[in-house]
Visitor: 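Please see the structure below; I have some questions.
Reckoned from all heavy atoms, side chains included, excluding hydrogens, waters and symmetry mates. All ligand and atom numbering here is 1-based and tracks the order in the structure.
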Amino acid sequence: MDKIIIEGGRRLCGEIEVHGSKNSALPILAATVLSGGKCKIHNCPALSDVDAAIQILRHLGCKVIREGHTVEVDSSVITVSEIPDDLMREMRSSVVFLGAVLARTGKAEISSPGGCEIGLRPIDLHLSSMRKLGAEITEEHGRLYCSLGNSLHGADITLSFPSVGATENIMIAAAVADGTTVITNAAREPEISDLADFLNGCGAKISGAGDSTVVIEGVKKLHGTCHTVIPDRIEASSYLIAASATGGRVCIKDIIPAHIGALIPVLSEAGCDITTSGRWICLSAPPRLKRVKMIRTMPYPGFPTDVQAIVGAMLSVADGTSVIIENIFESRFKHVPELMRLGAKISVEGRMAVIEGTKYLTGANVVAPDLRGGFALITAGLAAKGETVITGTQHLDRGYEAPEKVLRLLGADVRRINENDGTEKQQTRQLAENVGKPAGESAENRADRHSQEADN
Ligand code: EPZ
């Protein structure tokens, strides 16, 4: 395995582009099974979760070619409708293949995905929704056996919770159902809209995606299409927060500022100056952040649970006490004991974390417990005095493409080495071109230029 070594205390300054959204690419790759033709997905991030989705597609019989950040899927021939346990376990969100395989082949056999580091991750809403669309589902020995008694038919489905994955599974399956499906209390995340755009590009008739009522008018057949995945709002948020924790100044280009609307007021309350213009966002952080009184994670457009851990790391060095309430997942504070090894003063009570900001953190050896908790440790390590060594980097590889390269280009002193032989890791993944730009003009000037543009 690898480890990431950070010599903290340097301000992050510069300009980066983020990659395509992991949480958009995954359901779209699953949905290619339904097209029955050739789909070209651009801006697909090079992540281990995407690798896992490609493995599942190939197992199902699809031909998949990946060139850089473009993945071409030919799903003309689907040979199997079961996904083996080992492939299901590779990727937590593999349940999103259920709707596509069921609708394409009339049956599906998958494993119950089981819980993960951040919670039990039940799929009751997925299963009840598939049943409403006509599926018969039995569970035995951890495997789910699904089949379509008659056809897949439209239904009115009200979700008790605006589940992202359940909304995606319903949209995918209902796209080729007989009749119309209406989802009430649908998830509103941008990734839902991106999936709807992809499916409509394949000939589906979906309206209302991004709102809490989505209408899917079933069509007989879909076809292939080309689609470009939206920028990753969580990756963008992660780098903005890391820069804030170091008193830095960064600009992120080719992002959709509206997608991080809930983060901006939090960073402003912490004392950061933020300007946005078109697909740019620039942030300039003060030498010492202010505390943020209360953050509650909520379904989109509320504050995203996926950046809760990272903001908590940032607030560990703020002036004052901040409170975070995690309303989405039941155990998303597993990174807190590791942050405390760096000197953070955090107490957790159920779904509430109370963060008493300290003047500085000091480097330590820590272990990433999960994907976003891992980036929280990176953020803390960047702000800490001295050296921080992070293991458990396999979690990070699920959702961040070459984070050490992006951070180095923002001026961080960060290396990734192989734990066994101590050699510096050569990036094995295809790196995004322009993954980060050394600040040609200074970040200050660029930020000023963009803020002037914004003012004009
Ligand atoms: C998606 O997970 C994202 N993953 C998660 O990002 C994200 O945190 C989450 O949405 C919330 O925004 C992908 O898109 C691949 P949910 P998903 O169904 O679909 C409960 C990351 O870090 N629930 O909206 O699994 C569930 O237990 C990952 O990138 C049920 O009770 O999230 C949770 O408490 C982590 N029954 C809440 O709903 C169900 O059938 C939100 O889950 C389904 C969900």
Visitor: Is ligand 1 under 4.0 Å from a heavy atom in the side chain of Val164, in the backbone, in both, or in neither?
Guide: both
Visitor: Would the number of heavy atoms belonging to other residues, nucleotides or ligands and lying under 6.0 Å from CZ of Arg296 be above 12?
Guide: no
Visitor: Per the salt bridge (Lys or Arg N to Asp or Glu O under 4.0 Å) rule, which among Lys3, Arg415, Arg416 passes with Glu404?
Guide: Arg416
Visitor: Please report the interatomic distance OG(Ser35) to CG(Asp74), rounded to the nearest 0.5 Å.
Guide: 8.0 Å
Visitor: To check your reading of the model: name the closest protein heavy atom to atom 37 (C) of ligand 1, its residue, and the distance in Å.
Guide: Phe161 CE2, 3.6 Å
Visitor: In Å, rounded to the nearest 0.5 Å, how long is the span from CD1 of Ile192 to CE of Met171?
Guide: 6.0 Å
Visitor: For Ile234, state whether at least one heavy atom is located under 4.0 Å from any atom of ligand 1.
Guide: no
Visitor: Mark up the atoms of ligand 1 that fall under 4.0 Å of a heavy atom belonging to Pro122, in ascending order.
Guide: 27 (O), 30 (C), 31 (O), 36 (N), 39 (C), 40 (O), 43 (C), 44 (C)
Visitor: Below 3.5 Å, N or O to N or O, backbone or side chain included: is there any such pair between Asn23 and ligand 1?
Guide: yes
Visitor: Gly165 versus ligand 1: do any nitrogen or oxygen atoms come within less than 3.5 Å of each other?
Guide: yes
Visitor: Report the part of Ser163 in contact with ligand 1, treating N, CA, C, O as backbone and CB onward as side chain, heavy atoms under 4.0 Å; options are side chain, backbone, both, neither.
Guide: both
Visitor: Could you name the option among Glu191, Arg332, Glu189 that has the heavy atom nearest to atom 35 (C) of ligand 1?
Guide: Arg332
Visitor: Closest non-hydrogen protein atom to atom 11 (C) of ligand 1, residue and atom name please, with distance?
Guide: Thr305 CG2, 4.0 Å
Visitor: What protein heavy atom lies closest to atom 34 (O) of ligand 1? Include the residue and the distance to one decimal.
Guide: Ile328 O, 2.5 Å
Visitor: Report yes if Phe329 has an N/O atom closer than 3.5 Å to an N/O atom of ligand 1; otherwise report no.
Guide: no
Visitor: Ile118 heavy atoms, cut-off 4.0 Å: which ligand 1 atoms fall inside?
Guide: 35 (C)
Visitor: Between Arg372 and ligand 1, find which residue part has any heavy-atom pair under 4.0 Å and reply side chain, backbone, both or neither.
Guide: side chain
Visitor: If you draw a 6.0 Å radius around CZ in Arg131, do more than 12 non-hydrogen atoms from other residues or ligands fall strictly inside?
Guide: yes
Visitor: Which ligand 1 atoms are under 4.0 Å away from a heavy-atom of Arg121?
Guide: 2 (O), 17 (P), 25 (O)
Visitor: Identify, for atom 36 (N) of ligand 1, the protein heavy atom at the shortest distance, and state residue, atom and that distance.
Guide: Asp124 OD1, 2.7 Å
Visitor: I'd like to check which ligand 1 atoms, numbered from 1 as shown, lie under 4.0 Å from a non-hydrogen atom of Lys22.
Guide: 21 (C), 29 (O)
Visitor: Using side chain to side chain contact (heavy atoms under 4.5 Å, CB included), reason through Ile172 and Leu195 one step at a time and then give a plain yes or no.
Guide: CA-CA 9 Å; Ile172 293 170; Leu195 174 62; 4.1 Å; yes
Visitor: Identify, by atom number and element, the atoms of ligand 1 in contact range of Ile123, meaning under 4.0 Å from any of its heavy atoms.
Guide: 39 (C), 40 (O)
Visitor: Within the structure, does at least one protein heavy atom fall under 4.0 Å of atom 43 (C) of ligand 1?
Guide: yes
Visitor: May I have the step-by-step check of side chain to side chain contact (heavy atoms under 4.5 Å, CB included) for Phe161 and Ile328, ending in yes or no?
Guide: CA-CA 10 Å; Phe161 181 89; Ile328 307 294; 3.8 Å; yes
Visitor: Using only the SG atoms, establish whether Cys202 and Cys39 come within less than 2.5 Å of one another.
Guide: no
Visitor: At under 4.0 Å between heavy atoms, which part of Asp49 makes contact with ligand 1: side chain, backbone, both or neither?
Guide: neither
Visitor: Looking at Leu120, is its backbone amide N or carbonyl O close enough to the side chain of Glu330 to form a donor-acceptor pair, meaning the two atoms are under 3.5 Å apart?
Guide: yes
Visitor: Nearest non-hydrogen contact with atom 28 (C) of ligand 1 belongs to which option: Leu125, Val307, Ile192, Asp306?
Guide: Asp306
Visitor: Ignoring hydrogens and geometry, is there a side-chain-to-backbone donor-acceptor pair from Asn43 to Val229 under 3.5 Å?
Guide: yes
Visitor: Is the shortest N/O to N/O distance between Glu168 and ligand 1 below 3.5 Å?
Guide: no
Visitor: Any idea which atoms of ligand 1 are less than 4.0 Å away from a heavy-atom of Ser93?
Guide: 15 (C)
Visitor: Quick one: do Phe97 and Ile110 satisfy side chain to side chain contact (heavy atoms under 4.5 Å, CB included)? Show the steps, please.
Guide: CA-CA 9 Å; Phe97 277 87; Ile110 64 170; 5.8 Å; no
Visitor: Under the ring-ring contact (aromatic ring centres under 6.0 Å, His included) rule, what pairs show up with a residue in residues 181-208, not counting sequence neighbours?
Guide: Phe198-His227
Visitor: Using atom types as modelled, flag every donor-acceptor pair under 3.5 Å from a side chain in residues 176-186 to any protein atom, sequence neighbours excluded.
Guide:
{"residue": "Asp178", "atom": "OD2", "partner": "Ser151", "partner atom": "OG", "Å": "2.8"}
{"residue": "Thr181", "atom": "OG1", "partner": "Ala155", "partner atom": "N", "Å": "3.3"}
{"residue": "Asn185", "atom": "ND2", "partner": "Leu159", "partner atom": "O", "Å": "2.6"}

Visitor: Does atom NZ (Lys107) have a neighbourhood of more than 12 heavy atoms from anything else shown, all under 6.0 Å?
Guide: no
Visitor: Would you say ligand 1 has an N or O under 3.5 Å from any N or O of Leu371?
Guide: no
